[in-house]
2 protein chains.
Amino acid sequence: MSVIQGARERARTEVTAAIKEEARRQLASEGAARLSLRAVARELGMVSSALYRYFPSRDDLFTALIIDAYDAIGAAAEQALAASAGAAPADRWIAVCRAARDWAVDHPHEYALVYGSPVPGYGAPQDTVVPASRVGLALVAVVGDAQHDGVLGPPLGRPLAGPVRADAALLASELAPDLPVPTIAALVAAWAQVFGIVSFEVFGQFNRVVEARGPFFDQAAAALAAQVGLAPSGGPPADGQAGDGDRAGGEQRS
Amino acid sequence: MSVIQGARERARTEVTAAIKEEARRQLASEGAARLSLRAVARELGMVSSALYRYFPSRDDLFTALIIDAYDAIGAAAEQALAASAGAAPADRWIAVCRAARDWAVDHPHEYALVYGSPVPGYGAPQDTVVPASRVGLALVAVVGDAQHDGVLGPPLGRPLAGPVRADAALLASELAPDLPVPTIAALVAAWAQVFGIVSFEVFGQFNRVVEARGPFFDQAAAALAAQVGLAPSGGPPADGQAGDGDRAGGEQRS
DNA sequence: GTCTATAAACCGATAGAC
DNA sequence: GTCTATCGGTTTATAGAC
């Protein structure tokens, strides 16, 4: 790639980034379903048709935003995974969960784009599935490392029903052949449950119910760690009263 | 109310119901954010301005749909609660959770309306908060009945951090003064976690991951029952053959 | 790759006759 | 309480000049 082409490419990359950035702003004010190419162009001082040189259709812009969101929350989780290397498995689990939750709280509209209601008429293309799996794989990695270190206990819960076991066995063969099948089943459930807490917080279901949301989340994440077989590391957090900096404020910021 | 007024009222009720019914159809095809009064009117053979006699604004139609959805899923949960009276607490818990999940799977768009991404620009009025609490209260009732029967154990998990305890204590005083505070905290977490599994199923996150979704849900609900202190009733569902699934590991008192 | 112009729709909400 | 008509916007997407 020549220098001139490099410059051209760079300009294109910058415009593409600006479009996505403005689109994310509109995600906040209008929601995914009403994201409008024209409005994005207007705000950027462009004309609507110019956008089509960057994104052939509204759905393509959409897909780019979705992939970016999955990658961002996945990167946050992976960063916590790496930063916690060597720590007690239950603490690593909590750290990874917490990283995903913190990203979601900081980016509620992008979170809604990927973990909220599907947008009718939009079918996620195949390109989204790998980014979509990153948080889950970070959780698998925590458990896999614990297993490797010989400190993984059995998951809590009753024996698996046949069809559940079959699903889990298939998953295990694909992404973590060394983990016991019941552990995989517990992991999948815990994965969904973590996002249940995050969604309740981000989508406002905890309004007037849970105020200390950070500590509450950590408490629930710790219980989920135990559920998948990660032994608690010892004492509770710092139990103190001092807030962890969480406000209880409204769920929508712009 | 006279007979004539009764007839007039009835007609009004029927039109109102027809509007909501058509609006629910559009919820499915367009999503909440794009629900359009004009389109509803068009489909009903009315003129758009006529709708304003029934719903003063789009947001009011919205609110009605939301309340209906909360009431429907709440009624499903309450019906399972009543139908399971006398059964083992863990089984009642699973039945109530399963009723909510089944309703959600049968009504994905209404479910998305209330448990999915908030619609930007719409602020839920106070009228929605009582209906919104019905499923949660059904779960509280299961645990409260178990406590009343003396078969409620301690919740799993570590001791509560101070702020979490404070929130839970306030909630307990409002809706279940007889339940231990840690139980309330575990209940709130379990409540959110149940909906996490439901949302992952309804919103497509389980595609190509979990296929046996009913049994998987029951498995997870059973684990959550144990988490809030409801002892398992005995054997696994029916289906399970030889499990290497291991039972409860170390119990951590709270 | 940005522009103008255009097609062919759509929207919420209101005024005022009947 | 339904109608017509209207205000003042909005949208996706394309054609074709530059």
Side-chain angles (χ1 to χ4, degrees), chain A residues 1-2 4-23 25-66 119-123 125, chain B residues 1-2 4-20 22-23 25-66 113 119-123 125:
Chain A
M1 193 179 287
S2 79
I4 288 201
Q5 280 174 340
R8 198 180 292 161
E9 278 303 306
R10 207 190 50 200
R12 190 182 168 84
T13 305
E14 277 168 14
V15 176
T16 303
I19 291 170
K20 292 198 290 189
E21 193 183 336
E22 176 58 33
R25 249 190 298 277
Q26 300 216 0
L27 229 43
S29 59
E30 296 296 323
R34 305 188 96 170
L35 191 157
S36 147
L37 287 185
R38 285 191 97 109
V40 170
R42 191 166 43 236
E43 216 63 28
L44 256 42
M46 306 169 73
V47 94
S48 68
S49 56
L51 279 198
Y52 287 83
R53 299 281 170 182
Y54 296 89
F55 296 96
S57 79
R58 183 173 171 273
D59 277 9
D60 291 279
L61 172 53
F62 234 79
T63 299
L65 295 174
I66 288 173
V119 179
Y122 173 80
Chain B
M1 192 179 287
S2 81
I4 287 200
Q5 280 175 340
R8 199 179 291 162
E9 279 303 307
R10 209 190 47 199
R12 192 182 165 82
T13 305
E14 278 169 12
V15 176
T16 302
I19 291 171
K20 292 198 289 189
E22 176 59 31
R25 250 191 297 278
Q26 300 214 2
L27 229 43
S29 59
E30 297 296 324
R34 307 187 94 170
L35 186 141
S36 146
L37 286 185
R38 287 189 98 111
V40 169
R42 192 168 41 237
E43 216 64 27
L44 256 42
M46 304 169 73
V47 94
S48 68
S49 56
L51 278 197
Y52 287 83
R53 299 283 166 179
Y54 297 90
F55 297 96
S57 77
R58 183 174 172 270
D59 277 8
D60 290 280
L61 172 53
F62 234 80
T63 298
L65 294 175
I66 287 172
L113 180 65
V119 179
Y122 173 80

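Note that the coordinates shown come from a computational prediction; the quantities given were computed from them, not determined experimentally. Below, chain A is the first sequence line, B the second, and so on; all start at residue 1.
Every pair passing side chain to side chain donor-acceptor pair (under 3.5 Å) that includes a residue from residues 57-66 of chain A is listed here, sequence neighbours excluded: A:S57-A:D60, A:T63-A:Y122.
Using a 4.0 Å cutoff on non-hydrogen atoms, the parts of residues 33-45 of chain B near DNA chain C are B:L35, B:S36, B:L37, B:R38, B:A39, B:R42, ordered by number.
Rounded to whole Å, the distance from CG on A:L61 to C1' on D:dT11 is 15 Å. Counting to the nearest Å, the P atom of C:dG1 and the CE atom of A:M46 are 10 Å from each other. With rounding to whole Å, B:Q26 atom CD is found 12 Å from C:dC10 atom P. Atom P of nucleotide D:dA13 and atom CZ of A:F62 are separated by 12 Å, given to the nearest angstrom. The distance from atom CG of B:D59 to atom C1' of C:dG12 is 11 Å, rounded to the nearest whole Å. If you take CD of A:E30 and C1' of C:dC11, they are 12 Å apart, rounded to a whole angstrom. We find that CZ of A:R58 is positioned 8 Å from P of D:dA13, with the value rounded to whole Å.
Partners of A:E22 according to the salt bridge (charged side-chain N to carboxylate O under 4.0 Å, His left out) rule, which considers only residues two or more places apart in sequence or in another chain, are A:R25. A:A50 meets the side-chain contact (heavy atoms from CB on, under 4.5 Å) test with A:M46, A:V47; sequence neighbours excluded. Listed by chain and residue number, nothing satisfies the ring-ring contact (aromatic ring centres under 6.0 Å, His included) test with A:Y52 (two or more places apart in sequence, or in another chain).
Inter-residue side-chain proximity for B:E30 and B:L35 is flagged as unmet; no heavy-atom pair is nearer than 4.5 Å. Side-chain contact between B:Y54 and B:K20 is absent, with no heavy-atom pair separated by less than 4.5 Å. Side-chain contact between A:F55 and A:L37: absent, with no pair of heavy atoms (C-beta onward) separated by less than 4.5 Å.
Looking only at distances, a side-chain donor or acceptor of A:Q26 sits under 3.5 Å from a matching main-chain atom of A:A39.
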Listing time: all N or O pairs from protein to nucleotides 14-16 of chain C that are below 3.5 Å?
none

